[in-house]
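Fair warning: this is a prediction, and the values are worked out from it, not measured in the lab. Note on naming: letters A, B, ... go to the chains in the order of the sequence lines (proteins, then strands), and numbering restarts at 1 for each one.
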There are 2 protein chains.
Amino acid sequence: MVSGQRGTVGIGEVARAAGVSNGTVSNVLNHPSRVNADTATRVHEAIQRLGYVRNGIASQLRAGTRTTVGSIVLDIRNPFFTDVTRGIEDHLATADFTLMTASSDGDVVREQRFLRLFEEQGVGGVVVVPAGEDVQRLVELAGRGTPVVVLDVSLPGSSLSSVSVDDVEGGRLALEHLLAQGYERIDVVTGAAEVRQTRDRLRGARLACESHGLDPDRVLSVRTARTLDSAGAEEAIGRLVDESGTCPHAVFAMNDLMAIGVQRALRRRELYEPGRTAVVGYDDIDLAAELLVPLTSIRQPTHALGARAAEILLAPASQEAEQVVFQPELVVRESSLGTARR
Amino acid sequence: MVSGQRGTVGIGEVARAAGVSNGTVSNVLNHPSRVNADTATRVHEAIQRLGYVRNGIASQLRAGTRTTVGSIVLDIRNPFFTDVTRGIEDHLATADFTLMTASSDGDVVREQRFLRLFEEQGVGGVVVVPAGEDVQRLVELAGRGTPVVVLDVSLPGSSLSSVSVDDVEGGRLALEHLLAQGYERIDVVTGAAEVRQTRDRLRGARLACESHGLDPDRVLSVRTARTLDSAGAEEAIGRLVDESGTCPHAVFAMNDLMAIGVQRALRRRELYEPGRTAVVGYDDIDLAAELLVPLTSIRQPTHALGARAAEILLAPASQEAEQVVFQPELVVRESSLGTARR
DNA sequence: GTCCGTCGTTGGAACGTTTTAATAACGCCA
DNA sequence: TGGCGTTATTAAAACGTTCCAACGACGGAC
C-alpha cells in the first residue's frame, strides 16, 4: 500500500501538471492535429519535465496496435540465419517495429514454446523457419489472427505465405558440379533428416545423379551429424574415417559450417591434401572465400530473403497467400577442384 | 497494419463454457493450487475446446509481470555479438523470457530509438553494448525502473552493472606479441574512434609500446575504416597501400572480420605472402583457425559474457551494481608469424 | 447448538491507456 | 437575438486480465 515509490509517471500525472485532462495528453501524442498548439507545447513541456514514457502495454491493450514481430530460426549463430535475421530487422525498423528472436535448434518442442510465448505477447506477426515439416500449428496460429510467414520452406497451395530458396535446385547444382568432375562416390553430411531443406537438397542431388544415368543409391551416402554446426560434422566425418579406415572422395555438406567441420576433421587426421577430397558447402557465408582452402558453396540471397519476409508480414492485411522462391547459385572455389578418383 | 480476426476468445468465454467465473479461470492458469481438481479439468477442457490463448498484454498490464528483455548490440552479424546474443538468449530461456534484439550500427540515434521502443514495450530489462561513451541515457532509463546491464564496457563506480572483457589487456597482449617479434611499425585498423573498446585496446597497445621503451606515436598508426566489417577494413587498407605505395609490416585489427578484410585487401594486390605482413585480429571467431592464413587473435569468452549479463539482469531486483570483468587471451596462429622487418 | 477455520468460488475494482459522446466556447449568418 | 457549425476539451467507457475482499458450505471442537 506504499504509494509514490511505484514511480512510473502516468498520463494522468502529466495531465495534472499541464492542467489538462488525460484525453488531451493522449491526443497530443496520437492526434496532434486535434489539439491547440499552445496546449500542445504546454503538454510537451510537462512530458519532458516529468520524464514521462508512454506505457506501450496499456496502449496496445486499448488500441490493439502491434509493434513487434517474432522470428524463430534454427540457430542464430549460423551466419545464414544471422543474415536473414538482419534482413528482417532492417525492414521492420523502417516501420518502427522491433524484432523478437529465438532459436529452435531444430527442436519442435522449443519452437512450439516460443510460438506460444510470441502469441501471448501479442506480436503483430511471426516469421518462422519451421523445425519440422508439419506446419499445422502455424496454420492454426494464423487462423487465430497472427500473420505467419514461413521462411526457407516453400508451401505451394498452402494458406500461409512463404519465402524460400529453391533447395532442390541447390542440391542439384552441387551434385552436378561434383559429377561433372568425375566423382561417383559422394558422402552427404546432413543434420536431422526431418528438416525440409535437407530433404529437398537430397532430392536435388538424386535428380542430378539420375540425369547422369547413375543410381543415386550407389552414388550418395548420407552421414547424419548430431548438430548442424562444424563440431557435429567434424565428429560425423571423423567417426566415418576412423571406423572405415578410408577417406571420402567427395563431400557435400548441408551448410558451410559443416563443410568447415569436414575440412577440419580431415586436416586433423592429415588426410586433407589439395585435390584429394572435394568439399562443397551450402550458404556461401562471407568467410567461405577466406578459408585455408576456399570453399565451393551454394549462394543464397539471405538478406533479401529476410527483408522480403518482413515486407509480406507488414503488407496491409490478409491478401492472398504469397509464395516467393529465390534461385540459388553455385560458387566454385578450390575446395571442390582436384584430381577426381574413380 | 495487421487486422486480426475479430473472434479472439477471452477468459470470459472460457468461464461461461465451463460454468465458472472469470476469477476461477484465472486461478486455474496462475494459482492451480487454489482451485478444486474437478473444476480445473473442466476449465482446461473448455480452454482446449475453444482454443483459448491468454492475452499476455492484458496480463502484463494488470499483473506487471515482465517476460521479455531487450538487447542492443553494434551489429548482430558480427560473430562476437551473435555469440553473446545467443548466450543471453539461452540464459533467458531458462526463465521463460524472450529476447528482443536490435543492432545500433554504432549509431547513438538508432540506439536511442530502440531504447525508447523497448521501454515503451515494458521490457523487464535491457542488455546494451553502448554505441557512444555517454551512458547518461542508460542511467536515466534505469532510474525509471528498467534494469540495465551494460555489456562489453566496464563502468567502475557507476550505478549500472556491467559485464566486460578487459580491452586494455587485450590490446596489450596483441601489441606485446607483435613487438616481441621485432615489428616496430604497426598499423591499427579501427572503426569509429568514439567506440570505447577501440580506445581501450589502443590504450593497451600504447602501454605495451611504452613498456618496451618505445614511443607509441612512432610505432602505431591508426587507420580508421568506415564500417566495422571486412569490407570497411579492406577499403581502408586498400587505400593506404594504393596511396602510399608501401605494404604494411604488421596490422592489428579491431576484430577478426576486419583482420580478414586486411588479408583480403593485400591478397587482391598480390602483396600477401607468408611472413611478409603480420596480422592480428580480435574476438577469435570460430572460423579464425580455418582461414587461408589462420588468424592470430584475442579470444574472449563470448557466450559466457552474454549469459552472465542475462543472469545479473534477472537477479532478484536491484542489488548493488556489479562490475564483472573477464580476461582475454592471446591465440597465436600463422598470420602473425614470419620474418620481422625493421 | 454455536463458533471458528478452511476451502473454493465469486463479483467487482484495478492496471494505464485510447476512444467516444457530450459539452463548452466562439464566431458567423440570417 | 437566435440558431448553427467549428474547434478544443473533457468525463467516462472501454480493452482483457489479475487481484482482493467477501461469502457460503462444510466439518471439527467445545
Side-chain angles (χ1 to χ4, degrees), chain A residues 1-44 46-47 50-67 119-122 144-145, chain B residues 1 3-44 46-47 50-67 119-122 144-146:
Chain A
M1 289 301 173
V2 189
S3 67
Q5 197 58 290
R6 280 282 294 167
T8 22
V9 183
I11 213 175
E13 230 167 304
V14 174
R16 213 172 320 128
V20 296
S21 78
N22 283 11
T24 300
V25 176
S26 173
N27 279 335
V28 169
L29 263 47
N30 305 303
H31 307 279
S33 70
R34 290 189 195 159
V35 60
N36 183 298
D38 287 352
T39 12
T41 58
R42 200 146 34 95
V43 169
H44 273 125
I47 289 180
L50 300 177
Y52 165 77
V53 175
R54 169 221 251 100
N55 183 329
I57 299 292
S59 166
Q60 263 179 75
L61 175 59
R62 174 62 236 233
T65 57
R66 281 119 184 255
T67 61
E119 186 178 9
E120 292 191 355
Q121 212 60 225
R144 284 195 298 269
Chain B
M1 208 157 301
S3 73
Q5 303 285 5
R6 274 288 308 131
T8 25
V9 184
I11 213 176
E13 227 166 308
V14 174
R16 213 171 320 130
V20 296
S21 78
N22 281 12
T24 300
V25 176
S26 174
N27 279 335
V28 169
L29 262 47
N30 305 304
H31 307 279
S33 69
R34 290 189 195 158
V35 59
N36 183 299
D38 287 352
T39 11
T41 57
R42 202 146 32 94
V43 169
H44 274 126
I47 288 180
L50 300 177
Y52 165 77
V53 175
R54 167 220 252 103
N55 182 330
I57 298 292
S59 166
Q60 264 180 74
L61 176 59
R62 174 65 239 237
T65 56
R66 279 123 185 252
T67 61
E119 187 178 10
E120 291 191 354
Q121 213 59 225
R144 286 194 297 268
T146 302

*Asks:* Quick one: A/D38 CG to D/dT9 P, roughly how many Å, whole number?
*Replies:*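 Between P of D/dT9 and CG of A/D38: 9 Å.
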*Asks:* Calculate the interatomic distance between B/R66 atom CZ and C/dG16 atom P; express it in whole Å.
*Replies:*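 Between P of C/dG16 and CZ of B/R66: 11 Å.
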*Asks:* In whole Å, I'd like the distance from the CG atom of B/N36 to the P atom of C/dG8.
*Replies:*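 The distance from CG of B/N36 to P of C/dG8 comes to 6 Å, rounded to the nearest Å.
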*Asks:* Roughly how many Å is it from CG in B/L29 to P in D/dG16, rounded to a whole number?
*Replies:*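 After rounding, the gap between these two atoms is 16 Å.
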*Asks:* Between B/E120 and A/N55, does the side chain to side chain contact (heavy atoms under 4.5 Å, CB included) criterion hold? Intermediate values first, please.
*Replies:* CA-CA 5 Å; B/E120 291 191 354; A/N55 183 329; over 6 Å; no
*Asks:* Could you tell me how far apart B/N27 (CG) and D/dT18 (P) are, to the nearest whole angstrom?
*Replies:*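 From B/N27 CG to D/dT18 P: 9 Å.
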*Asks:* Among D/dC19, C/dT18, D/dT17, which nucleotide has an atom closest to any side-chain atom of A/S59?
*Replies:*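 So the nucleotide nearest the side chain must be C/dT18.
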*Asks:* Under a 4.5 Å cut-off applied to non-hydrogen side-chain atoms, are B/L29 and B/Y52 in contact?
*Replies:*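 With C-beta onward as the side chain, the pair touches.
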*Asks:* Checking contacts here: which listed nucleotide (C/dT9, C/dT18, D/dT10) is nearest the side-chain heavy atoms of A/T24?
*Replies:*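 Between C/dT9, C/dT18, D/dT10, the one nearest the side chain of A/T24 would be D/dT10.
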*Asks:* Looking at A/R62 and C/dT17, is any side-chain donor or acceptor paired with a base atom of the opposite kind under 3.5 Å?
*Replies:*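 In this structure, the two groups form no donor-acceptor pair.
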*Asks:* Measure the distance from CZ on B/R42 to P on C/dT9 and round it to the nearest whole Å.
*Replies:*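 In whole Å, C/dT9 P lies 8 Å from B/R42 CZ.
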*Asks:* From D/dT17, D/dT18, D/dC15, pick the nucleotide closest to the side chain of B/N30?
*Replies:*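 Nearest nucleotide to the side chain: D/dT18.
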*Asks:* At under 4.0 Å, does any side-chain N or O of A/T39 touch on OP1 or OP2 of D/dT9?
*Replies:*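 Looking at the OP1 and OP2 atoms of D/dT9, one of them is under 4.0 Å from a side-chain N or O of A/T39.
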*Asks:* Main chain of A/A40, side chain of A/H44: is a donor-acceptor contact present, judged purely on distance under 3.5 Å?
*Replies:*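 Between the backbone of A/A40 and the side chain of A/H44 there is a qualifying donor-acceptor contact (under 3.5 Å).
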*Asks:* In whole angstroms, how far is the P atom of D/dC23 from the CZ atom of B/R34?
*Replies:*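 Rounded to whole Å, this separation is 19 Å.
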*Asks:* If each of A/A37 and A/N22 is mapped to the nucleotide of DNA chain D with the nearest heavy atom, which maps nearer the 5' terminus, i.e. the 5' end?
*Replies:*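 Of the two residues, A/A37 wins.
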*Asks:* So, does B/H31 get its side chain near the phosphate of D/dC19, meaning an N or O under 4.0 Å from OP1 or OP2?
*Replies:*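 Yes, because at least one side-chain N or O of B/H31 sits under 4.0 Å from OP1 or OP2 of D/dC19.
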*Asks:* For the side chain of B/A63, counting heavy atoms from C-beta on, which of D/dC19, D/dA8, D/dT10 is nearest?
*Replies:*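 Nearest to the side-chain atoms of B/A63, counting from C-beta on, is D/dC19.
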*Asks:* Side chains of B/R34 and B/V28: does their closest heavy-atom pair fall under 4.5 Å?
*Replies:*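 Sidechains of B/V28 and B/R34: no contact.
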*Asks:* Among D/dT10, C/dT17, C/dT10, find the nucleotide with the atom closest to the side chain of A/Y52.
*Replies:*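 Comparing D/dT10, C/dT17, C/dT10 against the side chain of A/Y52, the answer is C/dT17.
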*Asks:* Would you mind reading off the distance between B/R54 atom CZ and D/dT17 atom C1', rounded to a whole angstrom?
*Replies:*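 Those two atoms, CZ and C1', are 9 Å apart.
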*Asks:* For B/G23, answer base if it contacts any base atom (sugar-phosphate contacts may also be present), sugar-phosphate if it contacts only those atoms, and nothing otherwise; contact means non-hydrogen atoms under 4.0 Å.
*Replies:*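 Touches a base.
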*Asks:* Does a donor on one side chain sit under 3.5 Å from an acceptor on the other, for A/R54 and A/N30?
*Replies:*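 Per modelled atom types, A/R54 and A/N30 side chains form a pair under 3.5 Å.
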